[in-house]
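Just so you know, these numbers use all the heavy atoms, side chains as well, and skip hydrogens, waters and symmetry mates. In this text the structure is predicted, and so the values were computed from the model without any measurement. Proteins come first, then strands; the chains are lettered A, B, ... in the order of their sequence lines, and each starts at number 1.
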Amino acid sequence: MPEWINILLRSVAFFIIVLILVRLMGKRQPAGLTPFNYVTYGVIAFITSLVILNVVNNIAFGLVALVVWTMLPIALDLAAMKSKWLHDWINGKPTTLIKQGKVMEENLAQVRLTGEELLRELRAKDVFRLADVEFAIMEPTGAVNVMLKADKKPLTPHDIGKQVSPQTEPQTVILDGNVMDESLANMGLNKNWLETQLAGIGVSLDNVFIGQIDTTGDLYVDLYDDAIQMPQPKVKELLYANLEKCQADLLTYALETKDTGAKDMYDKNAEKLEQLIKKLKPYLLR
Amino acid sequence: MTVGSQVKQTLAGLKGVGATLKIYATQSEEEEIKTVFTDATGITESVIKDLEERIKVLEFQEPQYKGH
C-alpha cells in the first residue's frame with residue numbers, strides 16, 4: 001500500500017473520531033476555557049497529527065492516548081459537578097483584584113498581573129477611570145469582570161422609578177420568505193393571521209427577508225427590496241393618541257352641556273379614561 | 001355639527017380603541033400585559049355604555065339629526 005493512501009485513510013478516520021470525541025467533551029467556547037482546558041485540547045491535537053502523519057505507526061497507541069485525554073477531562077468535569085472542593089482544585093478560584101474601590105496589590109501579584117495590564121483589562125470593559133470601579137474579579141478563565149460604583153452604573157428604569165412593560169423574546173416568524181410555523185405556533189398564531197398582517201401592510205410573503213413579532217404580537221418586517229420604505233409599527237402610539245383624544249372630547253362635552261346629570265357622567269368617564277391613560281402609558285409608549 | 005354627531009364620533013373612536021385593546025389582550029403571551037389590556041378593555045366598555053345612553057337622550061332631544 002502506498003504511503004499516501006495510508007495517510008489519507010488515517011486522516012479520514014481520525015477526522016471522524018476526533019470530531020466525535022470533542023463533541024462528547026461539551027460545548028464550552030474557547031473564551032470560557034481554563035488554562036488546563038487549553039492543554040487538553042492541545043494534547044488531543046498533537047496526538048491526532050502525530051498519528052495521521054504516521055510518526056506514530058501504531059494506530060492503537062494513538063487511540064488509547066486520545067481516549068484517555070478525552071475521557072479523563074469528562075470524568076473530572078463530572079466529578080467536579082459533585083464536589084465543590086474538587087471543582088476549585090481543578091479550575092481554580094476567582095481572584096479579587098479590586099475591592100471597595102481599592103486595588104489589592106498582593107492578589108495582583110498572585111495572578112501575575114501588572115498595573116498596566118489591570119488598566120488594560122478595565123478598558124476592555126469600557127472602564128477608563130479606576131475611580132469608577134467598586135469591585136473587580138479575575139475569573140479562573142482569566143477574564144476580568146468589573147462592578148461599577150453605584151452612581152456610575154448605567155441608569156435603569158428601576159432607578160428612575162419608571163414602570164416598563166415586560167417583554168418576552170421576539171419570535172422570528174419569517175426567514176428568507178419562508179414562514180416559520182413553529183415560532184408562529186409558540187405565539188398562538190397561525191399562517192392566516194400572518195397573511196392578514198402582510199396584506200395589511202401591503203407586502204407579499206416572498207419579498208420578506210426577516211419578519212419578527214414582539215411580545216404583544218406587533219409584526220416587524222425587513223424586505224429584500226430596500227427601496228420600499230416600511231412604516232414602523234405605530235399601532236400602540238396611535239392607540240395612545242386616540243385615548244387621549246377621547247378623554248379630551250369628554251372634558252369638552254362636560255363643559256358644554258347644561259344638563260347636570262350628563263355633566264357628571266362626562267366628568268366621571270373623563271376621569272376613568274385619565275386613569276386608564278396613566279396606567280397604559282408604559283405599555284403603549286416606549 | 002350637532003352635539004349628537006360629535007358625541008357619536010367620540011364613541012366611534014373609543015370603540016376603535018376598545019377593539020385594538022382587545023386584540024392586544026388576546027395576542028399577548030405575557031400574563032401581565034394580558035391582564036392590563038383586559039382590564040383596559042373593561043374600562044373602555046363601561047365608558048362606551050355611558051356614551052351610548054347619552055346618545056339616546058341626545059337623539060330624543062334632536063330628533064331631526066337622528067342617524068347622523
[X] atom [atom1], neighbour heavy-atom count above 12 within 6.0 Å:
| X | atom1 | value |
| --- | --- | --- |
| Lys34(B) | NZ | yes |
| Arg23(A) | CZ | no |
| Lys149(A) | NZ | yes |

### Query
Which pair of non-hydrogen atoms, one from Cys246(A) and one from Gly13(B), has the smallest distance, and what is that distance?
SG-C, 4.0 Å

### Task
Over all heavy atoms of both residues, which pair between Tyr24(B) and Lys236(A) is shortest? Give the atoms and the distance, please.
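Of all heavy-atom pairs spanning Tyr24(B) and Lys236(A), the closest is OH-CG, 3.4 Å.
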
Heavy-atom distance under 4.5 Å between the side chains of [X] and [Y], does that happen here?
| X | Y | value |
| --- | --- | --- |
| Asp39(B) | Lys279(A) | yes |
| Tyr266(A) | Leu51(B) | yes |
| Asn269(A) | Arg54(B) | no |
| Leu21(B) | Leu280(A) | yes |

### Closest-packed option against chain A by number of heavy-atom pairs under 4.5 Å, given Ile43(B), Asp50(B), Val57(B)
Asp50(B)

### Query
Going through the checks in order, is the side chain to side chain contact (heavy atoms under 4.5 Å, CB included) test met by Val235(A) and Ile23(B)?
CA-CA 11 Å; Val235(A) 187; Ile23(B) 291 177; over 6 Å; no

To the nearest 0.5 Å, what is the distance between [atom1] ([X]) and [atom2] ([Y])?
| X | Y | atom1 | atom2 | result |
| --- | --- | --- | --- | --- |
| Leu238(A) | Thr20(B) | CG | OG1 | 9.0 Å |
| Gln27(B) | Asp214(A) | CD | CG | 9.0 Å |
| Met265(A) | Glu53(B) | CE | CD | 9.0 Å |
| Thr44(B) | Lys272(A) | OG1 | NZ | 10.0 Å |
| Gln167(A) | Ile33(B) | CD | CD1 | 7.5 Å |
| Leu250(A) | Leu11(B) | CG | CG | 10.0 Å |

### Task
Identify which of Ala270(A), Gly188(A), Ala262(A) forms the greatest number of heavy-atom pairs closer than 4.5 Å to chain B.
Ala262(A)

### Message
Heavy-atom pairs under 4.5 Å with chain B - which of Leu243(A), Leu273(A), Leu239(A) has more of them than the others?
### Response
Leu239(A)

### Message
Among residues at least two apart in sequence or on other chains, which ones pass side chain to side chain donor-acceptor pair (under 3.5 Å) with Asp249(A)?
### Response
Lys245(A), Thr10(B)

### Residues in side chain to side chain donor-acceptor pair (under 3.5 Å) contact with Lys15(B), at least two apart in sequence or another chain
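In terms of side chain to side chain donor-acceptor pair (under 3.5 Å), with neighbours along the sequence ignored, Lys15(B) is linked to Glu52(B).
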
### Val7(B), part contacting chain A, at a heavy-atom distance under 4.5 Å
both

Non-hydrogen atoms of chain B under 4.5 Å away: do they reach the side chain of [X], the backbone, both or neither?
| X | answer |
| --- | --- |
| Gln275(A) | neither |
| Thr252(A) | neither |
| Asp259(A) | side chain |
| Leu276(A) | side chain |

### Task
Output yes when a side-chain donor or acceptor of Tyr283(A) lies under 3.5 Å from a complementary backbone atom of Phe37(B), and no otherwise.
no

